Amino acid sequence: MHRTVICPGSFDPVTNGHIDIITRASMMFDDVIVGVFDNSEKHPAFSIEERIDFLNRTVGDIPNVRVIACDGLLAQCAKDMAATAVVRGLRAVSDFEYEFQMALINRKLNPELDTVFLASDSSYTYLSSSAVKNVASHGGDISNFVPAVIHDEVFNRINRKGNK
């Protein structure tokens, strides 16, 4: 049976924690779609095109991974892409309550859709895109937080905004 999953997120910016989850999912499933969403509750630092570019530069060499822009509901995007599951990373117990609620909503909207939770590698449990932006906005070192190939672009964009 061919297994296609979707790894959704805003990826603003993509972090080493995201890369870890996507890479691990690619070893477990036949096809991994990385769905880049705009989150209406957040004000992105990077355009959706930039975020897709960052992801393509960091996971684009993984043969069974492809990156797409998604609009609207995750449950519908998954259905449109013939994904049978959503893969979500859990950093801490505090993530679980929100992610569990989203999994139930997605299942209600798309009864064929399951959610698979992957525990974050312990070295990334503290890491989020928001933390990266906060550190960079104050001129802090984000080299352990984001892939080297996008580091300078991320740092320069966020640091410039933080110093205005």
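Quick note: numbers below take in every heavy atom, side chains included, and nothing from hydrogens, waters or symmetry partners. Owing to the predicted nature of the structure, the values given are computational and were not obtained by experimental measurement.
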Among residues two or more places apart or on two chains, list those pairs meeting salt bridge (Lys or Arg N to Asp or Glu O under 4.0 Å) that have a residue in residues 14-35. Arg3-Asp30, Asp20-Arg24

Side-chain donor/acceptor of Asn156 to backbone N/O of Asp152, under 3.5 Å: yes

Min side-chain heavy-atom separation Asn16-Tyr124 under 4.5 Å: yes

I'd like to know whether NE2 of His2 has more than 12 heavy-atom contacts from other residues, nucleotides or ligands below 6.0 angstrom. yes

Residues Ala75 and Leu109: closest non-hydrogen pair is CB-CB, 3.7 Å

Locate the shortest heavy-atom distance separating Val116 from Ala85; write the atom from each residue and the value. CG2-CB, 4.2 Å

Taking Arg91 for the side chain and Leu127 for the main chain, is one N or O donor matched with an acceptor at less than 3.5 Å? yes

Any chance you could measure Ile68, atom CD1, to Ile33, atom CD1, to the nearest 0.5 Å? 5.5 Å

Quick one: which residue pairs count as a side chain to side chain donor-acceptor pair (under 3.5 Å) with a foot in residues 61-76, not counting sequence neighbours? Gln76-Asp80

Let me confirm one number: the CE-OG1 distance from Met1 to Thr4, rounded to the nearest 0.5 Å. 9.5 Å

Scanning both residues in full, the closest heavy-atom pair of Cys7 with Ala25 reads SG-CB, 4.2 Å

Following the transitive rule for hydrophobic clusters with a side-chain heavy-atom cut-off under 4.5 Å over Ile, Leu, Val, Met, Phe, Trp and Tyr, establish whether Ile22 and Leu118 coincide in one cluster. yes

Among pairs that include at least one residue of residues 74-113, which meet ring-ring contact (aromatic ring centres under 6.0 Å, His included), considering only residues two or more places apart or in two chains? Phe96-Phe100, Phe96-Phe117

Pairs where residues 49-60 contributes a residue and the test salt bridge (Lys or Arg N to Asp or Glu O under 4.0 Å) is met, not counting sequence neighbours: Asp38-Arg51, Glu50-Arg157, Asp53-Arg57, Arg57-Glu153

Between Phe11 and Phe54 (judged by ring centroids, cut-off 6.0 Å), do the two rings come close enough to count as a pair? no

Would you say Ile52 ends up clustered with Leu74 if hydrophobic residues are merged whenever their side chains have heavy atoms under 4.5 Å apart, either directly or through other cluster members? no

Is there any salt bridge (Lys or Arg N to Asp or Glu O under 4.0 Å) pair reaching into residues 141-151, and which pairs are they, with sequence neighbours excluded? none

Under the ring-ring contact (aromatic ring centres under 6.0 Å, His included) rule, what pairs show up with a residue in residues 57-80, not counting sequence neighbours? none

Between Leu113 and Met102, is there a shared hydrophobic cluster once you connect ILVMFWY residues whose side-chain heavy atoms come closer than 4.5 Å? no

I would like to know whether Arg88 and Asp95 meet salt bridge (Lys or Arg N to Asp or Glu O under 4.0 Å); could you show each step before the answer? CA-CA 10 Å; Arg88 296 294 291 169; Asp95 286 345; over 6 Å; no

Under a 3.5 Å distance rule, please check whether Lys79 uses its side chain to pair with a backbone N or O of Glu112 as donor and acceptor. no

Between Pro13 and Val146, which heavy-atom pair has the shortest distance, and what is it? CG-CG1, 4.4 Å

Output the distance between atom CZ (Phe145) and atom OG (Ser129), rounded to the nearest 0.5 Å. 12.0 Å

Interatomic distance, Thr15 atom OG1 to Ile21 atom CD1 [nearest 0.5 angstrom]: 9.5 Å

How long is the gap from CG on Asn159 to NE2 on His138, to the nearest 0.5 Å? 10.0 Å

Roughly how far, to the nearest 0.5 Å, is CG of Leu90 from OG1 of Thr125? 12.0 Å

Cluster question for you: counting only ILVMFWY and a side-chain heavy-atom cut-off of under 4.5 Å, with indirect links fine, are Phe37 and Val132 together? no

Start with the C-alpha distance between Asp114 and Val86, add both sets of side-chain angles, then the distance that settles side-chain contact (heavy atoms from CB on, under 4.5 Å), and finish with yes or no. CA-CA 6 Å; Asp114 283 312; Val86 174; over 6 Å; no

Would you say Ile6 and Val87 make side-chain contact, with heavy atoms under 4.5 Å? no

What one should report as the nearest heavy-atom pair of Ile158 and Ala136 is CG2-CB, 3.5 Å

Quick check: is Val149 connected to Val67 through a chain of hydrophobic side chains (ILVMFWY, heavy atoms under 4.5 Å apart)? yes

For a quick test of reading the model, state the closest non-hydrogen atom pair linking Pro44 to Asp12 and the distance between them. CA-OD2, 3.0 Å

